[in-house]
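Working notes, structure below.
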Amino acid sequence: MNDNGIVDNYPSLVVNHTIEKNIFHFYSVNQVVLKIEVISDSIIRVRYGTEGTLEEDFSYAIDKTYVGSYSHLELHETEKTFMIETKTVKCYINKSNLKLTFKDIDENVINEDEKGYHWEEFHASGGNIVKQSKHVFEKEMYFGLGDKPHSLNVRGKRLQIWGTDEYGFHKDTDPIYKNIPFYMGLHHGIGYGIFFDNTFRSFFDFASERNSACSFWAEGGEMNYYFIAGPDLVDVVKRYTMLTGTPDLPPLWSLGYHQCKWSYYPEANVREVTDKFRELRLPADAIYFDIDYMDGFRCFTWDKERFPDPKKLVSDLKENGFKSIVIIDPGIKIDPEYSIFKEGLEKGYFCKRGDGPLMKGKVWPGDCYFPDFTNPEVREWWSGLFDELIDEIGIAGVWNDMNEPAVFETPNKSFPDDVRHNYDGHECSHRKAHNVYGMQMARATFHGVRKSIHPERPFVITRSAYSGAQRYCLGWTGDNISSWEHLLVANRQVQRMAVSGFSFIGSDIGGFIDHPSPELYTRWMQLGTFHPFFRTHSSGDHGDQEPWSFGEKTIDVVRKTLELRYQLLPYIYTAFYQYVSQYMPMTRPLAYVYQNDDIAIQKEEEFLLGDNILICPVSEPNPKSKFMYLPEGEWFNYFSGEKSIGGKDIEVPVTIETIPVFVKAGSVIPHFPVQQYVGEKEIKEITLKVYVGGTENDSSLYEDRGNGKEHRSGKFNYRNFKSVMNGSQFKLTQHVQRGFNQSYDTFKVELIGMEGTKYKAFVDGTAVKLNDHSLIVQEGFGDIEVKW
Ligand code: MIG
């Protein structure tokens, strides 16, 4: 009996087993079947079924294009155990109870079952509550789980996976919008991950209930998880991201700045706001239409009074360098005169209650029905609804909100459990479909936007998500609040999502609820400059949140950080390319890059964006300096150019102008000229800031047209810069993989960190003259050398 007086069941003695290539089945006396599938040398999938069978295999999370491979596989049997061995992992299976132990090749325990798999019959709904308990190591730390607004290390917490519309969530509110049942552990310098691919309401207990146990369980479905070996945490994230997929590159403009509010209307207001950005020379690329653009909140319609000619408006905005993004919610207004409602109803595309009536719920439009996005036919229909918005009117992207799904005036803020879903042919109740509903809506929207916007690139944002949603869309962190605490929460959420496979994300800068002080807004903009999705959003009834709403001084400081973002676009785009093609998280917590540094792994504020830039937000008012940790190695203060030696805490003086940003010595940071929006100027020269120092370092630069699909057939350039510092000699070598004719022929190279004047510089062996530590170098250069 467990604590609730309910009987837990456990597997018993193994009596039989089968082997088919990389798939192993073990059968116990009491009808438990354990299926172990070796997906790759470092990924092992584990499933347990009762009554001798397993469910039909189906997952929304796993990327169907992923094909694992392994280089070594053996099964060993002893009196008490089986052992499956790959090139990097040994998985021991205890014959008497089906408990598992994962070890590395040197027999270090990575992860070990405590109670292991067990289950409870779920009388109320049928099926089982499936449970798993793992042993906890003394100093083990736990990370991951998507958008949880908690400290990065979640040891000591019990957290739930059940997407919820939490207006004004706080630090430690749980659950909120996103559903990512993937966590990572770190102990003895060994990192690993567990992805529990089960969409029912589930729980993760990280040594909260019992000190010795890390448990996870779900209110239905199967115990179905992927064990992912590291030992490097970054590799664990990469492997998880391989399994669940990455998006294609976004349009380059989407890495610019976005201005949003609930809501800009009427048309004159939208024009006024966008014109003001240009007038004040504040770079920006996108403007948003929140729910008030619609006719009575009917999706795919426009309010004729507020927006009499949306096509003309959108095209004028485009002329002015602004892309228009519209919101689309799942609730379809019950209105017999409304074509989309009629069509959905006739075709039977709306969700039904358990006993047959349609699922009726109140949202913005009043009473609504909700498409069953888990039905492929419904998704197909939905994806056909975007032609007018995109082809006709010229909208550049769509923003899906309320897709947890959120419903007003109901006790659980969502659908009741009995609602039926198609679940791609695996009919089920909302208990199983809730956590994927938002992802499936975003998926249908993505397919629609992609079709309509072809050959350009789609842009779709989601509030709710399940693992793998990153293949279709980016995200934002939901309805946060204007407070210093929330600035930190946003920063953790962005890092946590990135290590949960979902890099393209940002927060509502300045806070959605309430109104920030000029200082808080400024600090949040400075932080957002280094988050992949860079958007201010706010609820209009709390006051204006445009850069000019906070006084003259703020405009100038914010302009600087916006300009910096536009200068860094090639660097950020390169980080995106590494995410897409190498599965590298774009933002990286220090614990992931320096997992053997006991101090670094405790840090929550400092993070890396891409390979070489480290950022630390300013998170309190009126500071004179910021205390932060600089990891091992040499670093340059981005703004002052001053060099610091890491491996220790440092105190960085701060003014309102900037936050602490450091560049790893030896790296090359590519810069665009400042533009008011992406594509404003033809880029005639790229500046390469070269940080002379360090020992050895790698940097890269990816470039393509910034939109379209040609990059997939090789029309891109990928440059690698290797630097070596050797006594009194610094050498930078470029390797280029070329397939794209970029618009510039020269680089301006700025050498940073050079002291004095007594040195000689060479490009491909030929001596060159430096002008204030900088020089112009032709495309195709092989190396740059500096000797003292
Ligand atoms: O019930 O569309 O999180 O970004 O502005 C609120 C109005 C609905 C919630 C979103 C927010 C959006 C707002 N929406």
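Computed over heavy atoms, backbone and side chain alike; hydrogens, waters and symmetry mates excluded. Residue numbers run from 1 in the order of the sequence given. These numbers were taken from a predicted model, which means no experiment stands behind them.
- The aromatic ring centroids of F137 and H188 lie less than 6.0 Å from each other.
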Show the numbers, then the answer: is there a ring-ring contact (aromatic ring centres under 6.0 Å, His included) between F196 and Y183? CA-CA 9 Å; F196 181 27; Y183 76 88; 9.6 Å; no
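- The side-chain heavy atoms of F533 and I461, taken from C-beta on, include a pair separated by under 4.5 Å.
- Each of F200, F204, Y142, F206 was checked for a ring-ring contact (aromatic ring centres under 6.0 Å, His included) with F216, and the lone residue meeting it is F204.
- Y437 has its ring centre less than 6.0 Å from the ring centre of F373.
- Exactly one of D508, D329, D401 qualifies for a salt bridge (charged side-chain N to carboxylate O under 4.0 Å, His left out) with R463. That residue is D401.
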| request: Start with the C-alpha distance between R201 and Q160, add both sets of side-chain angles, then the distance that settles side-chain hydrogen bond (donor to acceptor under 3.5 Å, both in side chains), and finish with yes or no. | output: CA-CA 7 Å; R201 186 190 294 270; Q160 192 182 158; 2.5 Å; yes
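- The ring of W399 has its center closer than 6.0 angstrom to the ring center of W476.
- Residues that satisfy the ring-ring contact (aromatic ring centres under 6.0 Å, His included) test with Y579, not counting sequence neighbours, are F576.
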- [ ] For salt bridge (charged side-chain N to carboxylate O under 4.0 Å, His left out), just list the numbers for E114 and K134, CA-CA rounded to whole Å, side-chain angles, deciding distance to a tenth of an Å, and then say yes or no.
- [x] CA-CA 5 Å; E114 186 239 23; K134 303 272 187 186; over 6 Å; no
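- The side-chain contact (heavy atoms from CB on, under 4.5 Å) test with N480 singles out one residue from H486, H537, E485, and that residue is H486.
- For W119 and Y48, the ring centers sit 6.0 Å or farther from each other.
- Ion pairing between a basic and an acidic side chain is recognised when a charged N comes within 4.0 Å of a carboxylate O; R155 and E140 show no such pairing.
- For R535 and Y288, the positive end sits near the middle of the six-membered ring, less than 6.0 Å away and at most 45° from its axis.
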| message | ring-ring contact (aromatic ring centres under 6.0 Å, His included), that's the test. Do Y192 and F102 meet it? Break it down for me. | response | CA-CA 10 Å; Y192 66 91; F102 296 94; 8.7 Å; no
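- Checked against a 6.0 Å centroid threshold, the rings of H258 and F459 count as neighbours.
- In this structure, the side chain of T164 engages the main chain of W162 through a donor-acceptor pair within 3.5 Å.
- In this structure, K131 does not pair ionically with D205, as no charged nitrogen and carboxylate oxygen lie closer than 4.0 Å.
- Separating the CZ atom in F169 from the CD1 atom in I513 is a distance of 8.5 Å, to the nearest 0.5 Å.
- We find that K115 and D8 are not joined by a salt bridge, their nearest charged nitrogen and carboxylate oxygen being 4.0 Å or further apart.
- We find that D424 and R379 are joined by a salt bridge, their nearest charged nitrogen and carboxylate oxygen being less than 4.0 Å apart.
- Among residues two or more places apart in sequence or in another chain, the ring-ring contact (aromatic ring centres under 6.0 Å, His included) test is passed with F502 by none.
- A cation-pi arrangement is present between K432 and Y423, with the terminal nitrogen or guanidinium carbon under 6.0 Å from the aromatic centre and inside a 45° cone about the axis.
- One finds the CE atom of M223 at 11.5 Å from the CG atom of D197 (value rounded to the nearest 0.5 Å).
- Aromatic ring centres of Y60 and Y466 lie farther apart than the 6.0 Å criterion allows.
- For the atom pair M141 CE and N153 CG, the distance stands at 4.0 Å (nearest 0.5 Å).
- The ring of F182 has its center no closer than 6.0 angstrom to the ring center of Y226.
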